Amino acid sequence: MKHKTALIIGITGQDGYYLAHLLKQKNYAVHGLCRRVSTDNNTIRLHTLLNDGGITLHPGDLLEPIALVRLLHTLQPDEIYNLGAQSHVGISFENPSLTAQIDALGTLHVLEAIRTADLLKKTRFYQAGSSEMFGNPQTTTQNEETPFSPVSPYGAAKVYAHHITTTYRQAYGLFACNGILFNHESPWRGENFVTRKITIGAARIASGQQDVLLLGNLDALRDWGHARDYVHAMWAMLQQAEPDDYVIATGRTATVRDFATLAFRYAGMDLEWEGGGANEIGRERKTGTVRVKVDPALLRPTDVHTLCGNSQKAQQKLGWNPHQTSLDDLVHEMLEADMKRIREAA
Ligand code: NAP
Ligand code: GDD
């Protein structure tokens with residue numbers, strides 16, 4: 001049987017790693033778009049997978065549309081996963097134009113490249129949409145019918161990407177799916193997202209390499225799943241008879257404070273919380289030492305307070321299971337991985 005060919009845009013990121021791993025297991029010929037940088041630091045997550053073979057990297061950029069056309073023309077991929085993005089919400093307030101170019105226009109560039117390379121009838125397309133598109137929703141849980149009302153430049157750019165993907169599905173018959181994914185984390189999460197910042201901070205504090213962890217909004221409630229489970233849903237969307245949009249979420253929420261409490265517990269420190277707002281601190285119960293402080297500089301101009309997804313449609317149509325990894329297991333795995341990295345670097 002002929003193996004399918006997939007192109008992953010954003011293969012060097014967290015989800016790119018897990019998706020490449022999954023597609024390799026499924027015997028795909030896996031290709032990845034990789035930005036040119038002066039060192040090979042951006043392929044660090046992929047080292048083991050690259051050494052095992054079966055993945056081909058191609059230099060390229062979402063901001064270079066003609067080169068995308070050339071690449072698609074050569075590869076003739078069966079599936080394209082567009083995971084490429086400036087994906088940090090906080091940074092999008094500092095770099096709104098770059099975020100819009102990569103996350104919004106970059107998506108248009110891929111869709112136009114599919115059209116220009118005459119692949120509308122052959123290639124299936126996945127767009128990495130986000131729960132950040134909902135902003136601060138009026139409903140306690142969010143599904144595919146919940147209106148978008150973004151409150152960040154990142155969220156606004158992703159809304160454009162969502163609608164332009166739907167437009168190409170309707171206008172040209174492209175098999176194009178929007179995943180609306182809620183937060184998903186892993187030991188390969190970027191270090192400036194709050195979960196990984198917390199597990200690295202707790203691991204360093206436990207190892208005596210750091211005294212205190214500075215965080216922003218401790219009250220934010222997020223629906224946190226494991227990236228390894230979420231990439232299965234991306235793949236499953238492109239295997240259906242018809243293209244559609246799907247919310248992928250666990251349906252459970254925890255605050256940033258809850259996440260920190262769990263991570264510090266796994267690192268051997270029981271935290272108790274005192275004060276509120278910018279004066280809140282997390283103190284080690286046993287010693288009284290302050291381990292977490294709020295830094296007002298880390299608060300965003302506008303923040304999403306609560307997100308909780310309803311993934312019933314994905315459960316029914318894709319057979320996707322939202323309960324594969326508990327929050328405890330996720331935090332434990334992330335903390336253990338950071339402790340191991342610290343031990344190996346010593
Ligand atoms: P990530 O770790 O930040 O990875 C982003 C990827 O995009 C990296 O490979 C990055 O390459 C690449 N990229 C950035 N700018 C690019 C450009 N101009 N041209 C080509 N590639 C570019 O993000 P992630 O957590 O894996 O998320 C994957 C996708 O899902 C993103 O689109 C994100 O917005 C979306 N999403 C994520 C979550 C989540 O909770 N993780 C939830 C919903 C949606 P470099 O390595 O060179 O920087
Ligand atoms: N990054 C960060 N750093 N966030 C902090 C910090 C901190 O020190 N302290 C508190 N937070 C709060 C943020 O204000 C936000 O409310 C919450 O923690 C989560 O922040 P992030 O981990 O940066 O994730 P995000 O929810 O803003 O965005 C992620 O999830 C989206 C899906 O909803 C990213 O992965 C996006 O790409 C993704 O689309």
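Quick note: numbers below take in every heavy atom, side chains included, and nothing from hydrogens, waters or symmetry partners. FYI, the numbering just counts along the sequence from 1. A quick note: this is a predicted structure, and the numbers were derived from the prediction, not measured. Each ligand, and each atom within it, is numbered from 1 in the order the structure gives.
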Has [X] got any heavy atom lying under 4.0 angstrom from an atom of ligand 1?
X: E132; value: no
X: G129; value: yes
X: R189; value: yes

For the 3.5 Å polar cut-off, considering only N or O atoms, please tell me whether [X] and ligand 1 meet it.
X: L62; answer: yes
X: Q86; answer: no
X: T12; answer: yes
X: F193; answer: no

Quiz: residues 257-272 side-chain donor-acceptor pairs under 3.5 angstrom, not counting sequence neighbours:
| unit_1 | atom_1 | unit_2 | atom_2 | d |
| --- | --- | --- | --- | --- |
| R257 | NE | E280 | OE2 | 2.6 |
| R257 | NH1 | D219 | OD1 | 3.3 |
| R257 | NH2 | D219 | OD1 | 2.6 |
| R257 | NH2 | E280 | OE1 | 3.1 |
| R257 | NH2 | E280 | OE2 | 3.4 |
| D258 | OD1 | T255 | OG1 | 3.3 |
| D258 | OD2 | T255 | N | 2.8 |
| D258 | OD2 | T255 | OG1 | 3.1 |
| T261 | OG1 | R257 | O | 2.8 |
| T261 | OG1 | W273 | NE1 | 2.9 |
| D270 | OD2 | R285 | NE | 3.1 |
| E272 | OE1 | R285 | NH1 | 3.0 |

Considering heavy atoms of the protein only, find what lies nearest to [atom] and give residue, atom and distance to 0.1 Å.
atom: atom 8 (O) of ligand 2; result: K197 NZ, 2.7 Å
atom: atom 28 (O) of ligand 2; result: V89 CG2, 3.5 Å
atom: atom 19 (C) of ligand 2; result: V194 CG1, 3.8 Å
atom: atom 24 (O) of ligand 2; result: N183 ND2, 3.6 Å
atom: atom 23 (O) of ligand 2; result: R300 NH2, 2.8 Å
atom: atom 9 (N) of ligand 2; result: G216 N, 2.8 Å
atom: atom 14 (O) of ligand 2; result: D303 OD2, 2.6 Å

For the residue pair H226 and Y18, does the interplanar ring angle fall in the parallel (under 30°), tilted (30 to 60°) or perpendicular (over 60°) class? perpendicular

If you measure from CD on E132 to CZ on R222, what distance do you get to the nearest 0.5 Å? 6.5 Å

Do E112 and R115 meet the salt-bridge criterion of a basic N to acidic O distance under 4.0 Å? yes

Considering only NZ, NE, NH1 and NH2 on the basic side and carboxylate oxygens on the acidic side, decide whether D245 and K313 come within less than 4.0 Å. no

Examine F193 together with H88 and report whether their ring centres are nearer than 6.0 Å. yes

Heavy atom of E185, distance to ligand 2 below 4.0 Å: no

If we only consider heavy atoms of H88, is any one of them less than 4.0 Å away from an atom in ligand 2? yes

No-hydrogen, no-angle side-chain donor-acceptor test under 3.5 Å, D229 and T325: yes

Any N or O of S130 closer than 3.5 Å to N or O of ligand 2: yes

Hey, is ligand 2 close enough to L298 that some N/O pair sits below 3.5 Å? no

Quick check on contacts: which atoms of ligand 2 are under 4.0 angstrom from a heavy atom of S131? 32 (C), 33 (O)

Check the pair Y230, W320 against ring pair (Phe, Tyr, Trp, His ring centres under 6.0 Å), reporting the backbone distance first and the verdict last. CA-CA 9 Å; Y230 284 42; W320 186 75; 5.3 Å; yes

